Amino acid sequence: MIETTAETPPELACPIAPVVDVVFSRWTTPILWVLHEHGRQRFVELARRITTISPKVLTQGLRRLERDGLVVRTHHGGVPPRVEYEISELGRSLGPLFASLAEWSANLAEVERARVDYDARQRGGRRD
């Protein structure tokens with residue numbers, strides 16, 4: 001638990017903020033999801049499964065996840081050399097969190113209704 005004082009900035013006082021920074025960057029969840037669902041993958045396999053990510057961003061994401069201990073990179077010698085990525089035990093420990101979020105996704109229709117209602121109220125209040 002993070003100890004807070006009156007001088008602690010609000011963004012540091014929230015105990016889940018560092019978790020969100022690690023786990024919920026734009027490409028972290030898709031990369032971890034693919035590795036969890038499909039097991040060990042080569043870079044090209046990951047790129048094929050996550051079609052909307054550029055090779056540069058995939059490389060950056062994998063490096064960050066490896067640095068954070070959520071992904072294990074294995075280099076196999078030989079010709080040509082081969083590199084594979086897999087989710088680590090630490091990465092697997094996020095499973096219950098992701099399962100809870102997947103369960104909460106049943107609320108997305110309600111979120112969409114709230115957005116539509118909000119947007120309608122905003123349009124109705126304008127004097128264009």
Side-chain angles (χ1 to χ4, degrees):
M1 187 89 170
I2 298 172
E3 188 174 320
T4 61
T5 66
E7 296 91 36
T8 304
E11 66 273 11
L12 298 178
C14 176
I16 65 168
V19 175
V20 170
D21 287 344
V22 170
V23 178
F24 297 110
S25 68
R26 171 67 178 103
W27 294 106
T28 296
T29 49
I31 292 169
L32 290 176
W33 183 266
V34 167
L35 292 173
H36 175 73
E37 289 294 306
H38 300 283
R40 183 178 296 146
Q41 300 280 298
R42 294 178 69 178
F43 183 89
V44 171
E45 294 169 319
L46 282 166
R48 273 191 219 123
R49 292 183 191 280
I50 310 170
T51 59
T52 54
I53 193 170
S54 72
K56 177 183 175 185
V57 173
L58 178 56
T59 298
Q60 292 169 340
L62 287 166
R63 285 182 182 157
R64 187 180 61 255
L65 290 167
E66 181 183 7
R67 182 174 183 256
D68 290 343
L70 301 176
V71 165
V72 175
R73 178 183 184 270
T74 305
H75 180 269
H76 301 279
V79 179
R82 186 170 47 105
V83 176
E84 294 178 322
Y85 299 90
E86 62 186 310
I87 193 167
S88 69
E89 285 303 314
L90 182 60
R92 279 190 192 87
S93 73
L94 293 167
L97 173 62
F98 289 154
S100 293
L101 291 170
E103 186 177 308
W104 190 88
S105 70
N107 294 304
L108 289 176
E110 188 174 336
V111 169
E112 185 56 31
R113 281 192 300 278
R115 289 175 177 171
V116 168
D117 291 348
Y118 177 88
D119 292 347
R121 285 192 311 273
Q122 295 303 307
R123 281 191 303 275
R126 285 196 191 145
R127 297 178 190 200
D128 292 323

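What you see is a predicted model; the values in this text were computed from it and never measured.
- In this structure, the separation between CZ on Phe24 and CG on Leu101 is 4.5 Å, given to the nearest 0.5 Å.
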Steps toward side chain to side chain contact (heavy atoms under 4.5 Å, CB included) verdict (Val19, Val22)
CA-CA 5 Å; Val19 175; Val22 170; 6.0 Å; no
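- Between the Glu45 side chain and the Arg42 main chain, a donor and an acceptor come within less than 3.5 Å of each other.
- More than 12 heavy-atom neighbours from other residues, nucleotides or ligands sit within 6.0 angstrom of CD on Glu37.
- Within the 3.5 Å criterion, the main-chain N or O of Val116 finds no donor-acceptor partner in the side chain of Asp119.
- Judged by distance alone, the side chains of His38 and Arg49 do bring a donor and an acceptor atom under 3.5 Å apart.
- Side-chain contact of Thr28 with Arg64: a donor-acceptor pair under 3.5 Å is present, judged by distance alone.
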Assess the residue pair Arg115 and Val111 against the criterion (side chain to side chain contact (heavy atoms under 4.5 Å, CB included)); give the C-alpha distance rounded to whole Å, side-chain angles, the decisive distance to 0.1 Å, and a yes or no.
CA-CA 6 Å; Arg115 289 175 177 171; Val111 169; 3.7 Å; yes
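- In this structure, the separation between OH on Tyr85 and CG on Leu58 is 7.5 Å, given to the nearest 0.5 Å.
- Here the closest non-hydrogen pair linking Gly69 and Ser88 is O-OG, 2.5 Å.
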For Ile87 and Leu70: C-alpha separation, side-chain torsions, deciding distance, then whether side chain to side chain contact (heavy atoms under 4.5 Å, CB included) applies.
CA-CA 6 Å; Ile87 193 167; Leu70 301 176; 5.9 Å; no
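- Rounding to the nearest 0.5 angstrom, the gap separating the OG atom in Ser54 from the CD atom in Gln60 is 7.5 Å.
- For the residue pair Asp68 and Leu90, the shortest heavy atom distance occurs at O-CD2, 3.7 Å.
- Val44 and Val72 fall into different hydrophobic clusters, where Ile, Leu, Val, Met, Phe, Trp and Tyr side chains are chained together by heavy-atom contacts under 4.5 Å.
- With a 4.5 Å cut-off on side-chain heavy atoms, Pro81 and His76 do not count as touching.
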Trp33 and Ile50: side chain to side chain contact (heavy atoms under 4.5 Å, CB included), yes or no, with the steps?
CA-CA 10 Å; Trp33 183 266; Ile50 310 170; over 6 Å; no
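- For Arg63, the CZ atom sits in a loose shell: 12 or fewer heavy atoms of surrounding residues, nucleotides or ligands are nearer than 6.0 Å.
- A side chain to side chain contact (heavy atoms under 4.5 Å, CB included) with Glu86 is found for exactly one of Arg40, Arg73, Gln41, namely Arg40.
- Here Glu89 contributes atom CD and Leu94 contributes atom CG; the two are 11.5 Å apart, rounded to the nearest 0.5 Å.
- Within a 6.0 Å sphere centred on CG of Leu108, other residues, nucleotides and ligands contribute more than 12 heavy atoms.
- Taken from CG in Leu62 to CG in Leu46, the straight-line distance is 6.0 Å, to the nearest 0.5 Å.
- Here CD1 of Ile31 is found 10.0 Å from CZ of Arg26. Values are rounded to the nearest 0.5 Å.
- A heavy-atom distance below 4.5 Å is found between the side chains of Glu110 and Asn107.
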